[in-house]
Engineer: 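Below are the structure tokens for one structure; questions will follow.
Small disclaimer: the values here were computed from a predicted structure and weren't measured. Values reported hereafter were calculated over all heavy atoms of this structure, with side chains retained and with hydrogens, waters and symmetry mates removed. Per chain, numbering begins at 1; letters A, B, ... match sequence-line order.
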Amino acid sequence: MLSPYLSTPSVVLIGESGVGKTNLLSRFTRNEFSHDSRTTIGVEFSTRTVMLGTAAVKAQIWDTAGLERYRAITSAYYRGAVGALLVFDLTKHQTYAVVERWLKELYDHAEATIVVMLVGNKSDLSQAREVPTEEARMFAENNGLLFLETSALDSTNVELAFETVLKEIFEKVSKQRQNSTRTNAITLGSAQGGQEPGSGEKRACCISL
Amino acid sequence: MCPGDPKWLDVIERDLHRQFPFHEMFVSRGGHGQQDLFRVLKAYTLYRPEEGYCQAQAPIAAVLLMHMPAEQAFWCLVQICEKYLPGYYSEKLVSGRLAWDQPQAWTPSVALPGPSLMEAIQLDGEILFSLLQKVSPVAHKHLSRQKIDPLLYMTEWFMCAFSRTLPWSSVLRVWDMFFCEGVKIIFRVGLVLLKHALGSPEKVKACQGQYETIERLRSLSPKIMQEAFLVQEVVELPVTERQIEREHLIQLRRWQETRGELQCRSPPRLHGAKAILDAEPGPRPTLQPSPSIRLPPDAPFPGSKAKSKPSKQAQKEQQKQTKARGQPEEPPAPDQAMVEAAAGDAYPPQHVPPKDSAPQASAPQDSAPQVSDHHRSQESLTSQESEDTYL
């Protein structure tokens, strides 16, 4: 049996069917939006390289099918994820009402340290809004999630959402690397000699998250 | 009209405009194509409330609706879900036949706890990958080295029977063969695509990382998907039903060793129209005559040397196809005929399931025979057009 996730950790897009996960991804990776995009069957993925400070970070983003039926397949991809965008449609309260269930599902399978952002998508449809911004923001705060409202259609906050998550991950990873470098330096002695603690985040290099 | 489960209706409605949105039948929101699609998918959730709706059923139903009235499309969908690809679209099924034999006695509330299940498709992913070893060792080695789960590329291929992958003319040919010969065709198409996308050292070299490989499989070269080439390759690929069944047993055993018993026991998969017709118990009632062309019973059968065909229905259909296509020597599987053979004896109204089951209530009214003519006459046009838009 092959490992269901690729060797480099990644970001997953999750949430109910039809909230706009695929369009968020295509807006971010290809600057495209489709009014009649097809339903996602199973799992798809895409990459984009973004600059975080001086580091080029290659983000690998997994787009999952929203329908519960696919959970057996899609949840396997949570395992390798270091970040998640939990998307709901702010014009459909039902997609927000189940956010807690999604969160549980995510934490059941993913690392406890995963960075999660709650994303209210379709902010361009303000006249049809069913989920007040403050309500969602409060929920996010109470659950330790990042929060943003986006519109894949008019691009509002799409870059910001992904970049915020990636930045947060990057900072976490850098911290971990610092720590582990220190530990290694002690245990392995001269083997790590050339590597200064904390140099990882300063080097301009390509890092896969 | 049965109201249906709002949970499913909501999901179905969200998907209606996301199936072949550029096909003239489905282009307008709330248009007749989308309405029919809604009714067919809803009817299935009423027919098998324990299964409900699976998103991959929508493209399948949409393709069917391009070729036949809604009621026939519904019964074809049923056959595909239950005979051709059992388990693909199911969720939590109680083990064994109980659930299948007495659908009414079973409701989702008594579902066994556990993860939602798509074991059938996962198992087929393993089977496909294993078969690939013989078909294209290079591709197999490459995918194996990059640790790419078959589910990443084959889920959509298999669950949608390639309807969202191939150019339209190839979809139609593949579906013809699929109805006629069963899932073997789906495996073969998958193997041919893998073989030609990743089957040589140069091709593999171009796919350095996992992303490149998946991208290659996601945007396949049009050359290998082209109808004549693909069909030729599929026909010639030496992968038999027996091999698939044998591999199925091997993978099943492996599954049981590593993950325990299957939670979802699907009914056995039947390999094509003939196997399905043979498996139907009892005397076969004559299929309802198609209203569009009526031949006198002893009319000569032009363009064909009266080969033995499963039914009169199929003969008539074949003749119709022959005329429409002007290709009398076309090999065995005229799509409409096979589709109807695929629908099996579920087709005539007397086989509509018992009073309390739903499709009767929700079965589309406009599928009355007289509408067929109209439907059929549009068929070639819409197929042609969709081919254009697709390409």
Engineer: Please test A/Trp62 against B/Leu152 for side chain to side chain contact (heavy atoms under 4.5 Å, CB included), starting from the C-alpha separation and ending with a verdict.
Structural biologist: CA-CA 11 Å; A/Trp62 295 86; B/Leu152 265 181; 3.3 Å; yes

Engineer: Counting only heavy atoms not in A/Glu111, do more than 12 sit closer than 6.0 Å to its CD atom?
Structural biologist: no

Engineer: So which residue, A/Ser46, A/Ser34, A/Gly66, A/Ser75, ends up with the most heavy-atom pairs under 4.5 Å with chain B?
Structural biologist: A/Ser46

Engineer: I'd like to know if the side chain of A/Arg38 reaches the main chain of B/Arg164, judged simply by a donor and an acceptor atom lying under 3.5 Å from each other, with no hydrogens or angles considered.
Structural biologist: yes

Engineer: Under 4.5 Å between any side-chain heavy atoms of A/Ile41 and B/Trp157, yes or no?
Structural biologist: no

Engineer: Is it the side chain or the backbone of A/Thr95 that comes within 4.5 Å of chain B heavy atoms, both, or neither?
Structural biologist: side chain

Engineer: Do the non-hydrogen side-chain atoms of B/Arg14 and A/Glu16 ever get within less than 4.5 Å of each other?
Structural biologist: yes

Engineer: With a 4.5 angstrom heavy-atom cut-off, which part of B/Gln19 approaches chain A: side chain, backbone, both or neither?
Structural biologist: side chain

Engineer: Can you list the steps and then say if A/Ile73 with B/Ile121 is a side chain to side chain contact (heavy atoms under 4.5 Å, CB included)?
Structural biologist: CA-CA 10 Å; A/Ile73 291 177; B/Ile121 190 79; 4.0 Å; yes

Engineer: How many angstroms lie between CZ in A/Phe45 and CZ in B/Arg218, if you round to the nearest 0.5 Å?
Structural biologist: 7.5 Å

Engineer: About how many Å separate CD of B/Gln57 and CZ of A/Arg69, when rounded to the nearest 0.5 Å?
Structural biologist: 7.0 Å

Engineer: Hey, which of B/Met159, B/His17, B/Gln55, B/Glu215 has the most heavy atom pairs under 4.5 Å with chain A?
Structural biologist: B/Gln55

Engineer: Are more than 12 heavy atoms, taken from residues, nucleotides or ligands other than A/Glu100, located less than 6.0 Å from that residue's CD atom?
Structural biologist: no

Engineer: How many angstroms lie between CG in A/Leu67 and SG in B/Cys54, if you round to the nearest 0.5 Å?
Structural biologist: 6.5 Å

Engineer: Pair B/Thr155, A/Glu44 - check side chain to side chain contact (heavy atoms under 4.5 Å, CB included), show working.
Structural biologist: CA-CA 10 Å; B/Thr155 307; A/Glu44 306 206 355; over 6 Å; no

Engineer: Please report the C-alpha distance between B/Arg18 and A/Ser17 in whole Å, then the side-chain angles of each, then the deciding distance to 0.1 Å, and finally whether the side chain to side chain donor-acceptor pair (under 3.5 Å) criterion is met.
Structural biologist: CA-CA 12 Å; B/Arg18 302 200 277 174; A/Ser17 168; 3.1 Å; yes

